[in-house]
Novice: 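Please see the structure below; I have some questions.
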Amino acid sequence: MSTRIATRFAALKAQNRPALVAYVMAGDPDQATGQAILDMLPQAGADIIELGMPFSDPMADGVSVQRAGQRALAAGQTLRGVLAMVEDFRRKDTTTPIVLMGYYNPIYSMGVDAFLTAAVQAGVDGLIVVDLPPEEDDELCLPAMAVGINFIRLATPTTDDQRLPVVLNNTSGFVYYVSMNGVTGAAIKSRGAVGDAVARIKGHTDLPIVVGFGIKTADDAADIGRHADGIAVGSVLVDTVGNSLLDGKPTDKTVGALRDLVADLAAGVKRARA
Amino acid sequence: MDGTNSLRNGPDEAGNFGQFGGRFVAETLMPLILDLEAHYRAAKLDPEFKAELSDLSINYAGRPSPLYYAKRITEQLGGAKVWFKREELNHTGSHKINNCLGQILLAKRMGKTRVIAETGAGQHGVATATVCAKFDLPCTIFMGATDVERQMPNVLRMKMLGAEVRPVTAGAGTLKDAMNEALRDWVTNVDTTYYLIGTAAGPHPYPEMVRDFQSVIGTELKEQFHKAEGKLPDAVVACVGGGSNAIGTFHAFLDDASVAIYGAEAGGHGIDVENGHAASMTGGRPGVLHGNRTYLLQDKDGQILEGHSISAGLDYPGVGPEHSFLHDTKRVTYAPITDNEALEAFQLCTKLEGIIPALESAHGLALLMKVAKTMGKDQSIVLCLSGRGDKDVESVGKYLGLLK
C-alpha cells in the first residue's frame, strides 16, 4: 500500500529536493484561524504537515510550543477537535500528508482504539508521540501500524549505533532526527554534526530522514536540507502566530504572516541542492 | 524476593506494577534511563556501595530514626496506641535524605558532574542541595514559583547550601510544573546531568529505586516495634503525595496480612470541589505523565489538572505507580484528608507532643486520628512522621491568624 507520506517523498526525490515539514499547533490561536492556517500551508509551500495536539504538560517542548499549546487549550481545543480539523482539511486536500504530534495521555484518555478509528477516518497519515519510546510499542505504535498509520520515531544524538536498530524497528513513514539534545526551539549547535548523524542513520535504514529542532530561517533550511530528506520547522512558525496576535486574538495579519514565512522556508529547501 | 504470591515482587522487567509504571519518556532520555538501571542493578550487588550508604545513613543522616510512643495523643484519642516513626529527626528534617544519599552515590558512580532535582515543599530540594554540597557537585533545583513563596525557609536553606533555585512560573507554579522544567533541563544536559528524582514516581527504574532507598523506614520500624511490643503493629499510616515516605513505610509490611495499611491523600478543599484537591487515587483516573502510567487528576480530554493542597509537598496531580497498584489491589486504603483536617492535626501534635510536624505528615496524622479511634486499646498504629514543620510555621501562622 502506498501511503501519502511515501508518495510525497518519492515525488520530492524526483525533484531532487528535501521536504519542508511544517509544524503548527492545532487550534492556535482558535479553531477557525487554526483551520485557515492548516488549509493555507500546502499552497504556501509545506510538503508535509505536522499538526500539534496540545497538551497541558509538554515536557519536551520549549516555550514557543508550550505557549502555542496553551493558546489552543485556552480556546477550547480537544483531541476530537484536532481530528475534526484534519477531516475538514482532507475535504480540500487529499495528497498532503498530515502527521499528528504530541503526547500520549490525551490519546490514552480517549482510548487507543477509538482514537485510531477516528484518525483513520479523518485522514491522518502518521503519529509522533514524544513520550512513547520503543519500549512502549504495544501501547500505540503497533496498533497504529495495524490500521495503516505510520508511527514516526525520533532519533537523537544520544541514540548510538547500538540503540539505533531498536529505535528504527517498527518505525515507518520517515525518521525524525532531533538535531540536538534539548527541547524544541533551542539553537542548533553544530551543523556538521547533523550531516554526519544523518549519514550514520542512513546506514541503518532506507526510510527518509527528516531533521528538526533548531531550524529557523530559509538559510538553515537550505543548509540542513542539503544533507537530509526533509527539514522540520516548528517553533519559529508558532512564534509567528503568537507575535501576530493582539490581546490574544488573531488579526488580519496572522494567516498572512505565517504564509510569508512558510513560502520563504520553501524557497530555502528548493535551493538546498541547487 | 519473597515468593510468587508476594506483593513485594514488583516491578517487572519493564518497570510495571500491574498495569502501572513503565518508561514513558522522550527518546533522548531512554539510553540514560537504561544506563541508570544497569548502574543501579550493579550497585545493589556491590558490598562497597552498601557499606558506604550504610555508613552515611548512620553517621551523616542519623539513622536509625527513633520509634516514639505518643502517649498524650493516644490518651486524647482513646483508641489504639499511637506511635511515630521519627523521620523528621533525620539530618535535613525529613525522610528525603534516605533517597538522596543513595542516588548521589549512584550519580558519582555514573560519572555525572551536575545534579538537578524538582521540589515541592523544598524538603527534597534541601536534601539534594545537602548531598551535593557534601559530594561537591553543582546542583540546580526546580521549584514552582508558588511553592518558592510558601516555603521560603527551605529556599534560603538550599541557596545557603550552594544550590541554584530556579522558580518555575508555568502552570500554577507547583510541583508538576517544576517536574516538567526539570525534565526539559535533563533532555538538554543529558550527557553531564543526573536527575535526582525525589519521589517514588517517574520512569522506571526511579519508582523501584526510590522505594528501595526509602524502605529502610519500614524495615527499621518493624524491628523497633517488635523490640518494643514483641509483635507486628496493627496498622501503619503515611501521607501520600508522590508517595516516597509512604512506600518506604509500607513495603516491609505488604505481605503481613494482619497489618492494615493507610495512605493519606491531600483532600484540599474537599474531594467534591473540582480541581480543589490533590487526591489522585480517590479523585482521578489512570493516565500517563512524567514517565509513568498512574492515577492522575485530569479533565475529560486527558489534560492534567493542577490540583490543590495546603501542603506544597502533596500538591501534585499524580502518585507513584506502586501506590496505584496497591490501591487497585486494595492492599492499601487511601483516603483524602482536607486542608482543615491537616491543620487541626498539625496543632494537636504540636500542643500534645511538642512535635511540630510538616503539613504533609499532618495529613497522615489526621488519617491516623480517624483510624485509631476505631481500634482497640490493645492495638497499635504507627505514623511515619515524615518531616518536621519548621518550614510551615509561617504559612500555618497566616492560616491561624497569628500573622497578618
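No hydrogens, no waters, no symmetry mates; every other heavy atom, side chains included, goes into these values.
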Novice: Rounded at 0.5 Å granularity, tell me how far CG in A:L154 sits from OG1 in B:T28.
Specialist: 7.5 Å
Novice: What verdict does the side-chain contact (heavy atoms from CB on, under 4.5 Å) test give for B:D191 and A:N181, after you've listed the backbone C-alpha separation in whole Å, the side-chain angles of each residue and the deciding distance to 0.1 Å?
Specialist: CA-CA 9 Å; B:D191 292 334; A:N181 294 332; 3.8 Å; yes
Novice: Would you compute the distance between atom CD of A:E135 and atom CE of B:M30 and round it to the nearest 0.5 angstrom?
Specialist: 3.5 Å
Novice: How about A:D113: does its CG atom have over 12 heavy atoms from other parts shown lying under 6.0 Å from it?
Specialist: no
Novice: Kindly check if the number of other-residue, nucleotide or ligand heavy atoms within 6.0 Å of CZ (A:R80) is above 12?
Specialist: no
Novice: Between A:F55 and chain B, which part of the residue has a heavy atom less than 4.5 Å away: side chain, backbone, both or neither?
Specialist: both
Novice: Taking the side chain as every heavy atom from C-beta outward, state whether A:D57 and B:L289 have any atom pair closer than 4.5 Å.
Specialist: yes
Novice: Less than 4.5 Å to any heavy atom of chain A: does that hold for the side chain of B:P203, its backbone, both, or neither?
Specialist: neither
Novice: Given the options A:A186, A:P58, A:P133, A:P134, which has more heavy-atom pairs under 4.5 Å with chain B than any of the others?
Specialist: A:P133
Novice: What part of B:L296 is in contact with chain A, defined as an atom under 4.5 angstrom from a non-hydrogen atom: side chain, backbone, both or neither?
Specialist: side chain
Novice: Looking only at heavy atoms and a cut-off of under 4.5 Å, which of A:E139, A:E136, A:Q66 has the most pairs with chain B?
Specialist: A:E136
Novice: Which region of A:V183, side chain (C-beta onward) or backbone (N, CA, C, O), has a non-hydrogen atom less than 4.5 Å from a non-hydrogen atom of chain B, or is it both or neither?
Specialist: both
Novice: Taking CD in B:E164 as the centre, count heavy atoms belonging to other residues, nucleotides or ligands within less than 6.0 Å. Is the count above 12?
Specialist: yes
Novice: With a 4.5 angstrom heavy-atom cut-off, could you sort out which part of A:V167 is near chain B: side chain, backbone, both or neither?
Specialist: side chain
Novice: Roughly how far, to the nearest 0.5 Å, is CG of A:L79 from CD of B:Q303?
Specialist: 9.0 Å
Novice: So B:E27 and A:R163, side-chain contact (heavy atoms from CB on, under 4.5 Å) or not? Walk me through it.
Specialist: CA-CA 10 Å; B:E27 179 56 35; A:R163 175 80 183 160; 2.8 Å; yes
Novice: Can you say whether A:D61 sits under 4.5 Å from chain B via the side chain, the backbone, both, or neither, judging by heavy atoms?
Specialist: backbone
Novice: If you count the non-hydrogen atoms of other residues, nucleotides and ligands that lie under 6.0 Å from CZ in A:R67, is the total more than 12?
Specialist: no
Novice: Kindly indicate, with the supporting measurements, whether the criterion side-chain contact (heavy atoms from CB on, under 4.5 Å) is fulfilled by B:I304 and A:N105.
Specialist: CA-CA 9 Å; B:I304 309 303; A:N105 198 55; 3.6 Å; yes
Novice: Can you tell if the side chain of B:L32 reaches within under 4.5 Å of the side chain of A:T158, non-hydrogen atoms only?
Specialist: no
Novice: Applying side-chain contact (heavy atoms from CB on, under 4.5 Å), run through A:S109 and B:K300 and close with a yes or a no.
Specialist: CA-CA 8 Å; A:S109 174; B:K300 62 182 190 329; over 6 Å; no
Novice: B:R184 side chain to A:G62 main-chain N or O, any donor-acceptor pair under 3.5 Å?
Specialist: no
Novice: Need one label for A:I107: side chain, backbone, both or neither, based on atoms under 4.5 Å from any heavy atom in chain B.
Specialist: neither
Novice: Would you mind checking which part of B:E306 comes under 4.5 Å of any heavy atom in chain A, side chain (CB onward), backbone (N, CA, C, O), both or neither?
Specialist: neither
